[in-house]
Amino acid sequence: MEEFASAVLVAAVQRALAGDGIPVVVPPLSGALLPLEAKRRTLARVSEAHGLLPLLRVGLFLAELPPDPAISALLASDTPHDLFARWSRLERFTHSRHRVVIREAGPKYLIAEHVGPPAAPPEPAEDALILGVLAALTAAIGGQAVTVRLGSDSAPVVFAKGVFMEPPPGHGTALWHFTWSSLASTVHPAGTDAASHARRILAGDLGRRWTLGGLAAELATSTRSLQRRLRADGGFNALLSATRAEAAADLLMNSEHPLSIVGFASGYADQPHLTRDFKRRTAMTPLAYRSAFASSATAPIDS
């Protein structure tokens, strides 16, 4: 499998750069993946023209995108150490050629390095993208006063008080020193926009054979109006697929139900439909996802 670049991460790149007024055309995805060389070319063009700061800021835009099973699994982390362990499992299951390796860790800090094969180490643009995502996720799971430096205690700060800063020219970007003062429980708002409301309606009855017209009726609006309001989130079919995958991911992480029950409860036509759609969205089979992210209190069932 080629280097992992999930659909949601590619969408976050596009949203973040658009927010900075930077036009970028990302090559078409193959399911949940963007080929390695296409990703590297895209990120290199952005960094050459605009520096690394726009790529660092990509992680801040994850919350604005439709739910994604992989991001949900990462946001369920209890601590930054747990977050980095989950990220490592995600890299392993998606056969990523670049890995985030923990070099040192303590109660309120960790030092990580972004590494790859000697012949193809991560480029600074790739370092910036992954660093930005992990910094934003560390804050999102409750990290207080999260600070990230590019190396030791005296190295340049690139993230503090929720704000990213441009790395100094020529400074190494692969070694990261994360610190935080404490951890707080977080409550992620459900959202009040049309897509969030629609997702809640869909999630409440995934066994129903939903149509755009049926959803519009539930929302007391016209089909055309709903179609227009959902366009920014990929449209009705994409929203329904994301909602099903989100429900399946929750069951895979937090229950012992076999895949047949997970698929049925999440609204899939059959188990092959679950496997096909879930892998397209996450680059992982449901069993691989469960093995990577299941709660320690639940024992995986393979049937």
Side-chain angles (χ1 to χ4, degrees), residues 5-16 18-19 25-34 61-73 75-76 187-255 257-286 289-290:
S6 74
V8 71
L9 191 55
V10 172
V13 169
Q14 292 177 302
R15 184 73 64 90
V25 178
V26 176
L29 289 163
S30 175
L33 299 177
L34 179 66
F61 289 80
L62 292 174
E64 298 184 9
L65 301 175
D68 176 83
I71 298 301
S72 295
L75 286 171
V187 177
H188 300 287
T192 57
D193 59 285
S196 296
H197 193 185
R199 279 196 296 272
R200 290 195 292 274
I201 296 293
L202 294 171
D205 188 9
L206 281 172
R208 177 173 169 179
R209 298 181 67 85
W210 283 103
T211 64
L212 177 63
L215 179 60
E218 291 288 338
L219 293 169
T221 188
S222 70
T223 299
R224 180 169 297 183
S225 176
L226 180 60
Q227 190 173 38
R228 184 176 61 254
R229 293 163 69 187
L230 296 181
R231 192 171 297 147
D233 293 272
F236 168 75
N237 288 330
L239 187 66
L240 179 57
S241 177
T243 305
R244 283 176 173 157
E246 189 80 357
D250 181 68
L251 289 170
L252 290 167
M253 284 192 294
N254 301 307
S255 82
H257 295 304
L259 296 190
S260 56
I261 298 302
V262 170
F264 172 77
S266 303
Y268 291 97
D270 49 34
Q271 191 168 321
H273 182 203
L274 163 67
T275 300
R276 183 173 62 252
D277 187 67
F278 200 83
K279 187 174 183 180
R280 180 182 63 81
R281 295 189 60 81
T282 68
M284 304 169 73
T285 66
Y289 186 90
R290 170 170 271 171

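One-based numbering along the sequence shown.
Side-chain contact between Pro286 and Val262 is absent, with no heavy-atom pair separated by less than 4.5 Å. Leu252 has its side chain within reach of Leu259: a pair of non-hydrogen atoms, C-beta onward, lies under 4.5 Å apart. Residues His197 and Arg229 have side chains not in contact (no heavy-atom distance under 4.5 Å, counting atoms from C-beta outward). In this structure, the side chains of Leu240 and Arg244 come closer than 4.5 Å at one or more pairs of heavy atoms.
A donor-acceptor contact under 3.5 angstrom links the side chains of Arg199 and Ser196, judged on distance only.
Here the CG atom belonging to Asp270 is positioned 7.0 Å from the CZ atom belonging to Arg276, to the nearest 0.5 angstrom. For the atom pair Phe236 CZ and Leu202 CG, the distance stands at 6.0 Å (nearest 0.5 Å). Residue Gln271 holds its CD atom at 10.0 Å from CD1 of Ile261, rounded to the nearest 0.5 Å. Summarising the geometry, atom OG1 belonging to Thr211 is positioned 10.5 Å from atom CG belonging to Asn237; distances are rounded to the nearest 0.5 Å. Summarising the geometry, atom CG belonging to Leu274 is positioned 12.5 Å from atom NZ belonging to Lys279; distances are rounded to the nearest 0.5 Å. With values rounded to the nearest 0.5 angstrom, Arg290 atom CZ is found 9.5 Å from Asn254 atom CG.
Between Ala198 and Leu219, the closest heavy-atom pair is CB-CD1, 4.1 Å. Heavy atoms only, all atoms of each residue included: Trp210 and Asp205 are closest at NE1-O, 2.8 Å. What you find for Leu251 and Ala265 is that their closest heavy atoms are CD1-CB, 3.9 Å. The shortest non-hydrogen separation linking Arg281 to Ala242 is NH2-CB, 3.4 Å.
Looking only at distances, a side-chain donor or acceptor of Thr243 sits under 3.5 Å from a matching main-chain atom of Leu239. Without hydrogens or angle criteria, Asp277 side chain to His273 main chain gives no donor-acceptor distance under 3.5 Å. At distances below 3.5 Å, not a single donor-acceptor pair connects side-chain atoms of Ser266 with backbone N or O atoms of Tyr268.
Not counting sequence neighbours, the partners of Ala249 by the side-chain contact (heavy atoms from CB on, under 4.5 Å) test are Pro69, Phe278, Tyr289.
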